[in-house]
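Each remark here refers to the structure printed beneath this line.
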Amino acid sequence: MSCRFYAELNDFLPPDERQRTLVRSVDAPGSVKDFIEGLGVPHPEVALILVNGQPADFGRLVGGGDRVAVYPRFGRLPVPGLPLRPAWTGEPRFLLDVHLGRLASYLRLAGFDAAYANDATDAALAAASRAQDRALLTRDRGLLKRREVERGYWVRETRPRRQLAEVLRQFELADRLNPLARCGRCNGRLEPVDKAAIADRLPPRTRRHHEVFHRCTLCGRVYWRGSHVARIEQLLARAVNAAD
Ligand SMILES: [Zn+2]
């Protein structure tokens, strides 16, 4: 049988197997999901599968002379043919593996719901991403291949700022940034708070120069439009430019 991977799915293949039709012989028919993952591509990265030109789901048995074509998602464009997973509705929700703490913080500062725990096991991450319908972001391809993971993305970049730009681009989020919506430390929502209620916790300079404050509804951390938020906005502006 033969298989062709399109666009960024080639990132998972050895260099000499990219952008070309791969021919494999199989002893017995198996699911197209196992076949694709055996070639190195985790199933959450796949948005559309064609077997002999017809849309197929992950359970489709393939073997013999079958021709398989595999496509990634293209941003938020609807996928033609057979949907491989339910539509993702509402606010984007992410779950990050233990190595992506800085990226989790950046996503929160951009206003996105980004769950993260530095002690989560792979099994717990896979189960939580499914139960909470969160896209699992990871640098671990093996984690993405776990059966329970429905939505996920292998983060290609290794540096946090570049990772932020990559995720904004991949999930088409650049026009949905909302700084001062979430706490970078704990992912809690921020709400406006009266200066009087928190004045005793502010450094004197901040108390003199600022009037508008937000407080995390979970951990209580206070945010204001000062140098801190200016740095966040600078970071996001750079990420958006890089994502474009
Ligand atoms: Zn917080």
Side-chain angles (χ1 to χ4, degrees), residues 88-122 124-140 143 151-153 155 157 159-168 170-240 243:
W88 208 31
T89 55
E91 196 192 351
R93 294 175 299 282
F94 299 102
L95 175 63
L96 288 86
D97 85 10
V98 296
H99 303 293
L100 295 177
R102 183 68 71 83
L103 176 60
S105 173
Y106 285 170
L107 284 169
R108 293 165 179 174
L109 294 174
F112 301 110
D113 181 347
Y116 166 82
N118 62 9
D119 57 355
T121 63
D122 282 5
L125 286 168
S129 77
R130 178 65 161 258
Q132 302 168 20
D133 200 21
R134 292 176 179 274
L136 181 58
L137 303 181
T138 179
R139 294 264 311 137
D140 178 350
L143 175 54
R151 303 178 201 288
Y153 175 72
V155 179
E157 297 281 359
R159 285 157 58 191
R161 285 164 192 257
R162 288 170 177 265
Q163 290 172 337
L164 175 64
E166 182 187 351
V167 171
L168 295 181
Q170 178 65 27
F171 290 88
E172 299 206 327
L173 300 175
D175 57 351
R176 302 173 72 172
L177 305 187
N178 189 12
L180 285 178
R182 286 202 180 257
C183 176
R185 187 161 66 184
C186 81
N187 200 37
R189 286 185 187 280
L190 303 187
E191 63 179 11
V193 60
D194 282 343
K195 184 177 181 180
I198 42 100
D200 57 331
R201 296 167 51 191
L202 300 174
R205 269 184 66 88
T206 303
R207 197 159 46 215
R208 271 200 304 278
H209 294 294
H210 295 278
E211 298 302 325
V212 179
F213 296 90
H214 290 73
R215 182 168 56 189
C216 176
T217 53
L218 286 185
C219 77
R221 189 178 194 183
V222 174
Y223 292 79
W224 60 90
R225 281 206 173 274
S227 58
H228 178 62
V229 171
R231 272 203 305 277
I232 293 167
E233 287 175 337
Q234 207 174 46
L235 166 79
L236 295 177
R238 281 207 211 101
V240 167

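Order of appearance sets the numbers: ligands from 1, and atoms from 1 within every ligand.
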Self-check item: Salt-bridge criterion met for Asp133 and Arg151 (N-O under 4.0 Å)
Solution: yes
Self-check item: All side-chain contact (heavy atoms from CB on, under 4.5 Å) counterparts of Ala124, not counting sequence neighbours
Solution: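 Counting only residues at least two positions away or on another chain, Ala124 forms a side-chain contact (heavy atoms from CB on, under 4.5 Å) with Thr121.
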Quiz item: Going by heavy atoms in the side chains, are Arg225 and Leu180 under 4.5 Å from each other?
Solution: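 With C-beta onward as the side chain, the pair touches.
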Exercise. Using a 4.5 Å cut-off on heavy atoms from C-beta on, say whether the side chain of Asp113 contacts that of Arg134.
Key: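 Counting from C-beta outward, Arg134 and Asp113 do come under 4.5 Å.
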Quiz item: With a cut-off of 6.0 Å (strictly less than), are more than 12 heavy atoms of other residues, nucleotides or ligands near CZ of Arg102?
Solution: no
Exercise. Determine how many protein N/O/S atoms sit closer than 2.8 Å to the Zn ion (ligand 1), leaving waters out since they are not shown.
Key: 4
Quiz prompt | Closest contact, heavy atoms only, Ala114 versus Leu107 | solution = CB-CB, 3.9 Å
